[in-house]
S.K.: 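First, the structure itself, so that you have it in front of you.
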Protein chains: 2
Amino acid sequence: MRILVVEDNAALADGISSALTRMEMAVDVVGDGTEADNILRTQEFNLVVMDLNLPGYDGLEILKRYRQNGGKAQVLILTARDTLNDRVKGLDLGADDYLTKPFDLVELEARVRALLRRQSGLKSPEIVIGELIFDSVARRVSMMGEPLDLPRREFCLLELLISRAGQVVSKEQIADSLANFDQDMSPNAVELYISRLRKRLAAADINIKTVRGLGYLLEK
Amino acid sequence: MRILVVEDNAALADGISSALTRMEMAVDVVGDGTEADNILRTQEFNLVVMDLNLPGYDGLEILKRYRQNGGKAQVLILTARDTLNDRVKGLDLGADDYLTKPFDLVELEARVRALLRRQSGLKSPEIVIGELIFDSVARRVSMMGEPLDLPRREFCLLELLISRAGQVVSKEQIADSLANFDQDMSPNAVELYISRLRKRLAAADINIKTVRGLGYLLEK
DNA sequence: CTTCCTATGACAGGTTCTCGACAGCTTTGA
DNA sequence: TCAAAGCTGTCGAGAACCTGTCATAGGAAG
C-alpha cells in the first residue's frame, strides 16, 4: 500500500512516516504544497495524509484539485484543534477523514487501517498482455491506452484464450464456452471468431496461433 | 436517503433529527438498544447515527451484530467518553466515523454528507467533466456556466453514471437505482432515460457509451 | 497432387438499442 | 379546486449492430 504524507513539520512527518512504515506501508513524504501537487498528478497512492496548514499553500486547494482531476485515494486530513471550519470544508471537498492535532499515533494507525479497509475491494484485477489490458470484472479491454469495444462473443473468446494462455484450446471447447451450452456452434463459426479477433488485435502484438487439428493458443 | 438515529437523550435526538431533516433526509429515531436492534434487522438505511452510551445496552454490541448480519449502511458513532479506546474499538468493529460529544451540528452535517458521499462512491462534491459541473451536495448541475435543470430521474441517472465513470453500469443496476428498489423499471425505460440524458448533454462533450448486452458507461 | 483443415468476405437473419408519439400521473400556481 | 406544465414510462418503427452460414480461397500434410 502506498501512502503519501504531506507535512511540513519535519519531526511530525518523521513520526507519522515511521508509524506507517511499521504497518508495512510504502511511505513517501513531501514538505510543501507545490511538491504535493506535482506528485499527486504523476503518481498513484492508496492513501494521502495531508496537513491542511502548509506554508504558503492551502491544503484545501490541493485536495480540491486532486479530486477534480479524478484522484481516488482515501484522504486523511490533519488540522489544528480549533479550526472547525477547515474540517467541515475538508470533508465537503472530498476528504475521507480527519484527525485533530495533537493526536496519538495509535489513533492514526487505527484510522489508516479503517480507511484502507474501506478502499480495498474497489480495484478490479487487470491482466496485462503486451499492449493489451484486460479487465474481466469491469468487462473492459483496452489496447495501447485506447478502450477497445468487443462484441460479446469476441470478448468471451478472448477471455477464454487469456485464461488458458500458453495452452491449446480446442475448437470444441471454444464452441461450448461461447455458445453457453444452450445451443451448438459450428467449428466454422469458431474459426470466424478467431479471424475477427485477430483482425482487431492486429495492432497490438498479440498472437493467436493455429495448431492444426487441435485448436488455438494465445502466446504469452 | 434514510437515516436512523439511535440516541436516548431526547433533546439531543431532536436536534440531530431536525438538522438532518433540514438536509432533506428521511430520519427515524429510536431511543434504546433493543429497538435499534430490531429496526436494523428489519429495515434498510443509508446511514446510522448511534450513541455508544445507551442505558442498559452497549452500542458497540449493536454495531458488531449489525455488521455480522451483513449490515451495509455507513455508521457514525457518538461518544461522550473521550477514551481513545472506545473510538478505536468502534472503528475496528466497523464504524465508519465517530464524533465526540459535545459536537457542533454543523460538523455533524458535514460528516453525514461525507459519509453519504462516500457510500455513493463520489469523492468530490464538485465534479468537472468537460463542460459539465456536477455538484452532488447541492444536487445541481451546470453546463457551460448555465445551470441545468434535470428531472429527478435524469439527475439520479447522471449521478450514478458519474459515480461509476469508466465502468459499465448494467441496465438492471440503473433500473434498481432509479426505482429506489420499491418498484420495477423496465429495461426500455432505462433506455429512454439514457436517450433523454444524452440529448440534454449533447452540447457538452459528454459521451455516454452503449455497451451492447451489458449496459452503459460514461467516458472519462 | 490430393485431401483436409483453416481463413475470410459476403450476406441474411436476429437481437438490441434509439427515440418519437402518446397517455397517465404528479406538481405547480392561481 | 382546477388547469397547465412537466415528469414518467409503454409502445413500436426503424436503425445499428451482432451472429453464424455459405462460399471461396489459401495452406499444410502426406
S.K.: Tell me whether A:Arg153 contacts the main-chain N or O of A:Leu178 through its side chain, where contact means a donor paired with an acceptor under 3.5 Å.
M.R.: yes
S.K.: With nearest nucleotide decided by heavy atoms, which residue, A:Leu150 or A:Ser186, maps closer to the 5′ end of DNA chain D?
M.R.: A:Leu150
S.K.: Which residues satisfy the side chain to side chain contact (heavy atoms under 4.5 Å, CB included) test with A:Asp205, sequence neighbours excluded?
M.R.: A:Glu131
S.K.: Scan nucleotides 7-11 of chain C against the protein and return all N/O pairs shorter than 3.5 Å with their distances rounded to 0.1 Å.
M.R.:
from: C:dA7; atom 1: OP1; to: A:Arg198; atom 2: NH1; distance (Å): 2.8
from: C:dA7; atom 1: OP1; to: A:Thr210; atom 2: OG1; distance (Å): 2.7
from: C:dA7; atom 1: OP2; to: A:Tyr216; atom 2: OH; distance (Å): 2.8
from: C:dT8; atom 1: OP2; to: A:Ser195; atom 2: OG; distance (Å): 3.3
from: C:dT8; atom 1: O4; to: A:Asn188; atom 2: ND2; distance (Å): 3.3
from: C:dG9; atom 1: OP2; to: A:Lys199; atom 2: NZ; distance (Å): 2.8

S.K.: Under the ring pair (Phe, Tyr, Trp, His ring centres under 6.0 Å) test, which residues partner B:Tyr193, sequence neighbours left out?
M.R.: none
S.K.: Who are the side chain to side chain contact (heavy atoms under 4.5 Å, CB included) partners of A:Thr210, not counting sequence neighbours?
M.R.: A:Arg198, A:Tyr216
S.K.: Rounded to the nearest Å, what distance is computed from the CG atom of residue A:Leu214 to the C1' atom of nucleotide C:dC4?
M.R.: 15 Å
S.K.: Expressed in angstrom and rounded to an integer, what is the separation of B:Asp149 atom CG from C:dT28 atom P?
M.R.: 12 Å
S.K.: In chain order, what residues pass the side-chain hydrogen bond (donor to acceptor under 3.5 Å, both in side chains) check against B:Arg200, with sequence neighbours excluded?
M.R.: B:Glu154
S.K.: When you measure from the side chain of B:Ser170 to the backbone N and O of B:Gln173, does any donor-acceptor pair fall under 3.5 Å?
M.R.: yes
S.K.: Just report the end-to-end axis angle for the helix from C:dC1-D:dG30 to C:dA30-D:dT1, five pairs per end, to 10 degrees.
M.R.: 30°
S.K.: Kindly say if B:Arg153 contacts the phosphate of D:dG9, meaning a side-chain N or O under 4.0 Å from OP1 or OP2.
M.R.: yes
S.K.: Taking A:Gly71's backbone N and O only, do any of them form a donor-acceptor pair with A:Asn69's side chain (distance below 3.5 Å, no angle check)?
M.R.: no
S.K.: Applying side chain to side chain contact (heavy atoms under 4.5 Å, CB included), can you list everything that pairs with A:Ser186, at least two apart in sequence or on another chain?
M.R.: A:Asn188, A:Ala189
S.K.: Can you give the donor-acceptor pairs under 3.5 Å from side chains of residues 33-40 of chain B to other protein atoms, not counting sequence neighbours?
M.R.:
from: B:Asp37; atom 1: OD2; to: B:Tyr57; atom 2: OH; distance (Å): 3.2
from: B:Asp37; atom 1: OD2; to: B:Arg65; atom 2: NE; distance (Å): 3.2
from: B:Asp37; atom 1: OD2; to: B:Arg65; atom 2: NH2; distance (Å): 2.6

S.K.: Would you confirm whether B:Ser177, through its side chain, and B:Ile174, through its main-chain N or O, come within 3.5 Å as a donor-acceptor pair?
M.R.: no
S.K.: Is there a residue in residues 157-173 of chain A whose heavy atoms reach under 4.0 Å of DNA chain C, and which residues are they?
M.R.: A:Lys171
S.K.: Starting from C1' on D:dG20, measure out to CZ on A:Arg152 and report it in whole angstrom.
M.R.: 14 Å
S.K.: Is it true that the side chains of A:Gln43 and A:Arg2 contain a donor and an acceptor less than 3.5 Å apart?
M.R.: yes
S.K.: Between A:Glu154 (CD) and D:dT19 (C1'), how many Å, whole number?
M.R.: 10 Å
S.K.: Going by the rule side-chain hydrogen bond (donor to acceptor under 3.5 Å, both in side chains), which residues pair with A:Asp149 if we only count those two or more places apart in sequence or in a different chain?
M.R.: B:Lys209
S.K.: Tell me, please, which residues at least two apart from B:Tyr66 pass ring pair (Phe, Tyr, Trp, His ring centres under 6.0 Å).
M.R.: none
S.K.: I need the CD1-P distance between B:Ile174 and C:dC17, as an integer number of Å.
M.R.: 11 Å
S.K.: Separation of B:Leu197 atom CG from D:dT8 atom P, in whole Å?
M.R.: 12 Å
S.K.: Write out a two-atom table: protein N or O, nucleotide N or O from nucleotides 12-14 of chain C, distance below 3.5 Å.
M.R.:
none

